[in-house]
Amino acid sequence: MGPAAPLLAWLLALGPLRLGAAPPDTRKCDPQEALIVGGTSKLQKEGQVLVYQCPEGQFPYPTPLRQCRANSRWSPLIARDGRTLAKAECRAIQCPGPVDFENGHFHPRQPRYNISQTLTFECFEGYTLWGPHNRTCLPNGKWSGETTVCDDGEGQCRDPGIPIGARKDGKNYRVEDRVRYTCQRGLGMFGSKERTCLESGAWSGTEPECRDKSTYDTPQEVSAAFIASLSETAEVADANRTFSESVKRRIRIQPGGSMNIYLVLDASDSVGEGKFSHARNALLQLIEKISSYGVFPHYGIVTFATFAHTVVRTFDPESSDADWVINKLGELQYAKHSLQAGTNTRRALETVYNMMITQEQIEKRSGHKQAPVINSTRHVLILMTDGNTNMGGSPVPVVNQIRELLSIGRDIHNPREDYLDIYVFGIGALVNQESIAELASKKPDEKHTFHLEKIQDLEETFQNMIDESETLSMCGLSLSHKTATPLEKNPWHISIKVARPGKGVESCKGALVSPYFVLTAAHCFDINDQAHWITVDVGKTTSNKVVSLFSHPDYNIGKLRSERISEFYDYDVALVKLEKRVTFSPETRPICLPCTEGTTRALRRPHPKTSCQDHERQLLKVGDVPSFFVHEKKPALERKEVLIKNGPKKWACQADAKKATIYVNVTDVAQVVTPRFLCTGGIEPVVDPNTCKGDSGGPLIITQNRRYIQVGVISWGVFDVCNLKNKGKVPPYARDFHLNLFTVLPWLKEKLAEEQLGFL
Ligand SMILES: *[C@@H]1O[C@H](CO)[C@@H](O)[C@H](O)[C@H]1NC(C)=O
Ligand SMILES: *[C@@H]1O[C@H](CO)[C@@H](O)[C@H](O)[C@H]1NC(C)=O
Ligand SMILES: *[C@@H]1O[C@H](CO)[C@@H](O)[C@H](O)[C@H]1NC(C)=O
Ligand SMILES: *[C@@H]1O[C@H](CO)[C@@H](O)[C@H](O)[C@H]1NC(C)=O
Ligand SMILES: *[C@@H]1O[C@H](CO)[C@@H](O)[C@H](O)[C@H]1NC(C)=O
């Protein structure tokens, strides 16, 4: 055999590279010879790899996959004790047991624990217990809670503890003392092998984690941990919200600084076209998520297999335009890589490294200040892979090159660690947990390595992030997955009841716009109505008390009586103030109002450069504008899609107002259809659904970037489609009129002044 370099060149020239580096078709293994007891198996990599799948709560023992060897035999099954097994089997997932626990005891003592078994810890006299007393074995083979520690308070750093499944070497906890960790045989290590007691009293690096190869992170765990790093949201709607310091320093973009986010996506042939699109969807959600925070980083997108392919470069002029980036991602062709089997992670990271250097040169040439990319840009690298690095060599030296370029970790007094974050998402059985853990950043109390079971979990992960509690106070967000409840999908939905003594109860709808206020129609109330007759249902809490009612001062239903028009709905808008502040939850969240900072962020417009007119231009474009209202049909909340006639069809829409029975005496529609209304309904260009009497006061909503912005309040209709008499015969002139919120902004701004909505 010749020297290594020509061999590598030969392999590269070959193009498609198989696991194990043999040319195709020279070996063929029979999957029937490697069945698993109690599970199923699936061929991957053109029959070269067999991946086992087990029912929930079980894992394939002793290995999740088999490789086809050159002799056309499957790789052998080596048990934990070193013996060779004849058959793989699905075994119950268990949690590893503690190897060692200092200064206290725990029970029960077993080598391994069944799911939902509990471990209880106690400390000896004189030691303080930190962390949980009890820990439970979770269905994915991990223990609940953090590491329990018994500390005597003597060290400058607190006893770092011994994670379950690990051994610790080192018992002194003064500044610069080190502890080293190893994992029990058979368990793989995530996190830092060695930690140093720092002057701050914290330990360097990340706590190690010893886990079974069969252990995956759940989408919930991943989104919670990942979001902790991404959640410096620039979101200030809730002034009382506090961030921990470690979270705070994250995504904060310093004045004059900027952020680059590199999305590096494995597209090798094992991924497959279907899975590739799941990964792409996950990334789309991530970009949506980031821009929903009002953060506008420069994106770089690289896909890789045997070679790397740059999709978006951080120095492309549009690289911080989320819509443009999302488009580019949408156009991404899996076929570009589909004949390449290799997973050349090193090449992918080199592409990112070169992108940093090129961007730096370009910015320097254009006369920007010194070293903007290298010295004042934060770099976030998100790598998604489903395979081992099986070619190109170790990517770790490239990570070190990047750190060197960005002067990270060079100067103890200014380590600049927060200028680079590398997150690695490994997906599926082919991933080598330890090799991905090696690539990822290691920072105190933060997690950068994730191992998910299926690519679909990645999509769910990022979907979860859109919904995490940190963003509950952000306007116009809702859950959208299939199993979300009606209220989770429409969390701003409010029912209003007015119980007039001796007169029965009347009901209306409204929209939650802030922790204290519900926006509805003025005609839901009489001039004499008292606030204490009104109650509102918010999410699951019914009959919330109301302290004040504000109808628009220009609303006057009887204003045109002298002209023989008994009902007039101009300025049909009201605000109801609740006695108690609403606690936001997935079922209770505010909708966005036009001309607020929340809407600027929802529209992904730069703040504060965006004006109210910009909102109106973007939301109420000339033409037929897609929107929807919500019709309550207990327990369902049906979204009804309608077109706001805001172009050539507007006049015909408004003219039909004369066909309303209440407006037989109207001579000119302009008398009753003032400039304050938006018109929906009719049969052109499509048949719009109509509102019913009970829908009054509810919001007319426009969706942009998966955010919901209220533009109107349902006011009146030409024809009541829900009246039983009218059932089944909806005339083409059935039109609905909605109060246009853009026309009552000064009043909204005044009444909502204390709600910190940031009116423009
Ligand atoms: C754990 O589960 C196995 C069977 O799944 C059972 O035989 C064993 O008794 C259980 N151990 C404990 C401590 O519950
Ligand atoms: C721990 O679990 C035991 C039973 O397993 C229970 O009696 C005890 O209250 C629990 N302790 C704590 C602090 O939850
Ligand atoms: C913040 O919390 C304090 C005390 O809990 C409360 O009085 C105050 O109204 C809150 N402020 C906001 C903006 O919610
Ligand atoms: C960037 O920052 C590092 C450390 O703060 C400094 O040593 C280096 O000179 C700076 N480089 C440039 C080009 O400004
Ligand atoms: C139309 O005007 C007549 C009087 O001229 C009045 O009796 C009737 O109530 C009016 N109709 C409506 C719907 O206002």
Side-chain angles (χ1 to χ4, degrees), residues 36-39 52-62 79-81 85 87-99 101 105-122 132-145 148 164-165 184 186-187 211-215 521-523 526-527 555-572 654-674 677 691 693 696 715-721 723 725-726 731 733-737:
I36 180 165
V37 180
Y52 291 134
Q53 284 165 324
C54 286
E56 195 146 322
Q58 297 184 16
F59 72 100
Y61 180 82
R80 281 201 191 101
D81 59 12
L85 302 181
K87 272 199 158 165
E89 61 179 24
C90 288
R91 286 196 174 177
I93 290 177
Q94 291 184 310
C95 290
V99 185
F101 182 64
H105 47 81
F106 65 90
H107 69 268
R109 282 178 172 270
Q110 294 166 211
R112 305 188 71 78
Y113 297 77
N114 290 350
I115 290 170
S116 71
Q117 257 194 292
T118 301
L119 260 178
T120 301
F121 296 88
E122 274 164 61
H133 270 277
N134 288 342
R135 299 183 72 184
T136 307
C137 176
L138 302 175
N140 60 350
K142 293 202 244 179
W143 289 98
S144 67
T148 305
I164 290 181
Q184 193 183 351
L187 302 181
R211 44 154 107 172
D212 265 323
K213 303 253 184 299
S214 59
T215 295
H523 82 260
D526 289 345
I527 191 126
Y555 171 74
N556 178 358
I557 194 163
K559 191 174 176 186
L560 302 182
R561 288 222 174 102
S562 60
E563 296 168 53
R564 297 179 302 133
I565 298 167
S566 54
E567 297 173 26
F568 179 49
Y569 292 100
D570 204 8
Y571 295 102
D572 186 9
Q654 296 185 342
D656 282 334
K658 278 174 83 172
K659 301 194 174 113
T661 49
I662 53 167
Y663 288 151
V664 290
N665 293 339
V666 167
T667 49
D668 177 4
V669 286
Q671 282 176 288
V672 290
V673 184
T674 65
F677 291 106
T691 63
K693 240 188 160 55
S696 276
S715 180
W716 54 282
V718 171
F719 184 85
D720 186 4
V721 291
N723 188 327
K725 272 194 313 206
N726 294 335
Y733 59 79
R735 308 284 194 172
D736 293 305
F737 292 84

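What you see is a predicted model; the values in this text were computed from it and never measured. Counting starts at 1 for both ligands and their atoms, in listed order.
Legend: residues meeting side chain to side chain contact (heavy atoms under 4.5 Å, CB included) with Asn114, ordered by chain and number and at least two apart, are Gln94, Gln117. Contacts of Ile115 classified as side chain to side chain contact (heavy atoms under 4.5 Å, CB included), with partners at least two apart in sequence or in another chain: Ile93, Cys137, Pro139.
Each of the following atoms of ligand 5 lies closer than 4.0 Å to a heavy atom of Thr661: 13 (C). Shown in contact with Ile662 at under 4.0 Å from a heavy atom are these atoms of ligand 5, numbered in order with element: 13 (C). The contact set between ligand 5 and Ser566, taken as ligand atoms under 4.0 Å from a residue heavy atom, comprises 14 (O).
The side-chain heavy atoms of Leu85 and Tyr61, taken from C-beta on, include a pair separated by under 4.5 Å.
With 3.5 Å as the limit, one finds a donor-acceptor pair spanning the side chains of Thr120 and Asn134.
At a heavy-atom distance under 4.0 Å, only side-chain atoms of Asn665, from C-beta outward, approach ligand 5.
Taking the six-membered ring for Trp and thresholds of 30 and 60 degrees, Phe121 and Phe101 have ring planes inclined between 30 and 60 degrees apart.
Across Lys659, Gln654, Lys658, a single residue satisfies side chain to side chain contact (heavy atoms under 4.5 Å, CB included) together with Asp656, and that is Lys659.
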For residues 562-570, dump all side-chain donor-acceptor pairs below 3.5 Å to protein atoms at least two apart in sequence or in another chain.
residue : atom : partner : partner atom : Å
Glu563  : OE1  : Gln671  : NE2          : 2.8
Glu567  : OE1  : Tyr569  : OH           : 2.5
Asp570  : OD1  : Thr674  : OG1          : 2.7
Asp570  : OD1  : Arg676  : NE           : 3.0
Asp570  : OD2  : Arg676  : NH2          : 2.8

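For Arg564, a nitrogen or oxygen atom sits less than 3.5 Å from a nitrogen or oxygen atom of ligand 5, counting backbone and side chain alike.
A cation-pi arrangement is found for Arg109 relative to Phe106, the charged atom lying closer than 6.0 Å to the ring centre and inside a 45° cone about the ring normal.
Listed by chain and number, residues touching ligand 1 at under 4.0 Å (heavy atoms only) are Gln110, Asn114, Gln117.
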